[in-house]
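None of the values given here were measured: they were computed from a predicted structure.
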Amino acid sequence: QVQPVESGGGLVQAGGSLRLSCATSGRSFSSYAMGWFRQAPGKEREFVAAISGSGGTTYYGNSVKGRFTISRDNAKNTAYLQMSSLKPEDTAIYYCASRPNVVAFTTRDAYYYWGQGTQVTVSS
């Protein structure tokens, strides 16, 4: 079991940057694909980014493509989400999730373990 714990959220001005971290416990981190999702008030939880176990394959949601970068450090059992050119519409709770398979997916149901989330607020 690879239980994610997010950190790094906060308040940032539009156009700014923020890096989220997702630390995990358990063994065989490289055997787990990792994903980031977000949920704004009154909206469905949406896919943001995903990365395969090796880090060689990544996927991005259309709304963040070109602005966000997902990465991972398997030696540190940690995944990251680098967010740049932030917009007020990026404001949401960001969740990290893991699945016990190296293949990354973009759908919520593919992920088994979820963190508690970290708030990101972008002011205009």
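Of all heavy-atom pairs between Met34 and Cys96, the closest is CE-SG, 3.5 Å. Closest non-hydrogen pair, Pro88 versus Ser124, comes out as CG-CB, 3.8 Å. The two residues Ser85 and Ser17 make their nearest non-hydrogen contact at N-OG, 4.4 Å. For the pair Ala40 and Ala92, the tightest heavy-atom approach, listed with the atom from each and the gap, is N-CB, 3.8 Å. Nearest heavy-atom pair across Asp73 and Phe29 is O-CE2, 4.0 Å. Among all heavy-atom pairs drawn from Leu81 and Ala49, the shortest one is CD1-CB, 4.1 Å.
Note on Leu20: it clusters hydrophobically with Val64, by side-chain heavy-atom contacts below 4.5 Å among ILVMFWY residues. The hydrophobic cluster containing Phe37 also contains Tyr59, counting ILVMFWY residues as joined when their side-chain heavy atoms lie under 4.5 angstrom apart, directly or transitively. Under the 4.5 Å side-chain contact rule for hydrophobic residues, Val120 and Tyr95 do not share a cluster. By the rule that hydrophobic residues join a cluster once side-chain heavy atoms approach within less than 4.5 Å of another member, Phe105 and Val102 end up as members of one cluster.
Between the CG atom in Leu11 and the CG atom in Leu18 there is a gap of 9.5 Å [rounded to 0.5 Å]. Here the OG1 atom belonging to Thr58 is positioned 12.0 Å from the CZ atom belonging to Arg72, to the nearest 0.5 angstrom.
Using a distance-only test at 3.5 Å, with no hydrogens or angles considered, no donor-acceptor pair links the side chain of Thr118 to the main chain of Tyr94. Under a 3.5 Å cut-off, the side chain of Ser21 and the backbone N or O of Ser7 do not form any donor-acceptor pair. Panel note: side chain Gln82, backbone Thr69; no donor-acceptor pair is recorded below 3.5 Å. Without hydrogens or angle criteria, Tyr111 side chain to Trp36 main chain gives no donor-acceptor distance under 3.5 Å. Side chain of Arg99 to backbone of Ala110: a donor-acceptor contact under 3.5 angstrom is found. Of the possible donor and acceptor atoms, one in the side chain of Glu6 sits under 3.5 Å from a partner among the backbone N and O of Gln116.
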(request) List the steps, then state whether side chain to side chain contact (heavy atoms under 4.5 Å, CB included) holds for Leu86 with Phe68. (result) CA-CA 9 Å; Leu86 283 162; Phe68 291 11; 3.8 Å; yes
(message) Would Ser63 and Arg38 count as a side chain to side chain contact (heavy atoms under 4.5 Å, CB included) here? Give the steps.
(response) CA-CA 12 Å; Ser63 60; Arg38 68 185 183 186; 3.2 Å; yes
(request) Please assess Asp90 against Arg67 for the test side chain to side chain contact (heavy atoms under 4.5 Å, CB included), listing each intermediate value before the final yes or no. (result) CA-CA 11 Å; Asp90 293 318; Arg67 299 187 299 123; 2.8 Å; yes
(request) I would like to know whether Gln119 and Thr91 meet side chain to side chain contact (heavy atoms under 4.5 Å, CB included); could you show each step before the answer? (result) CA-CA 8 Å; Gln119 177 71 48; Thr91 296; 4.0 Å; yes
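Looking only at side-chain heavy atoms (C-beta outward), Arg108 and Trp114 come within less than 4.5 Å of each other. Between Ile51 and Tyr32 there is no side-chain heavy-atom pair separated by less than 4.5 Å.
Around atom NZ of Lys43, no more than 12 heavy atoms belonging to other residues, nucleotides or ligands sit under 6.0 Å away.
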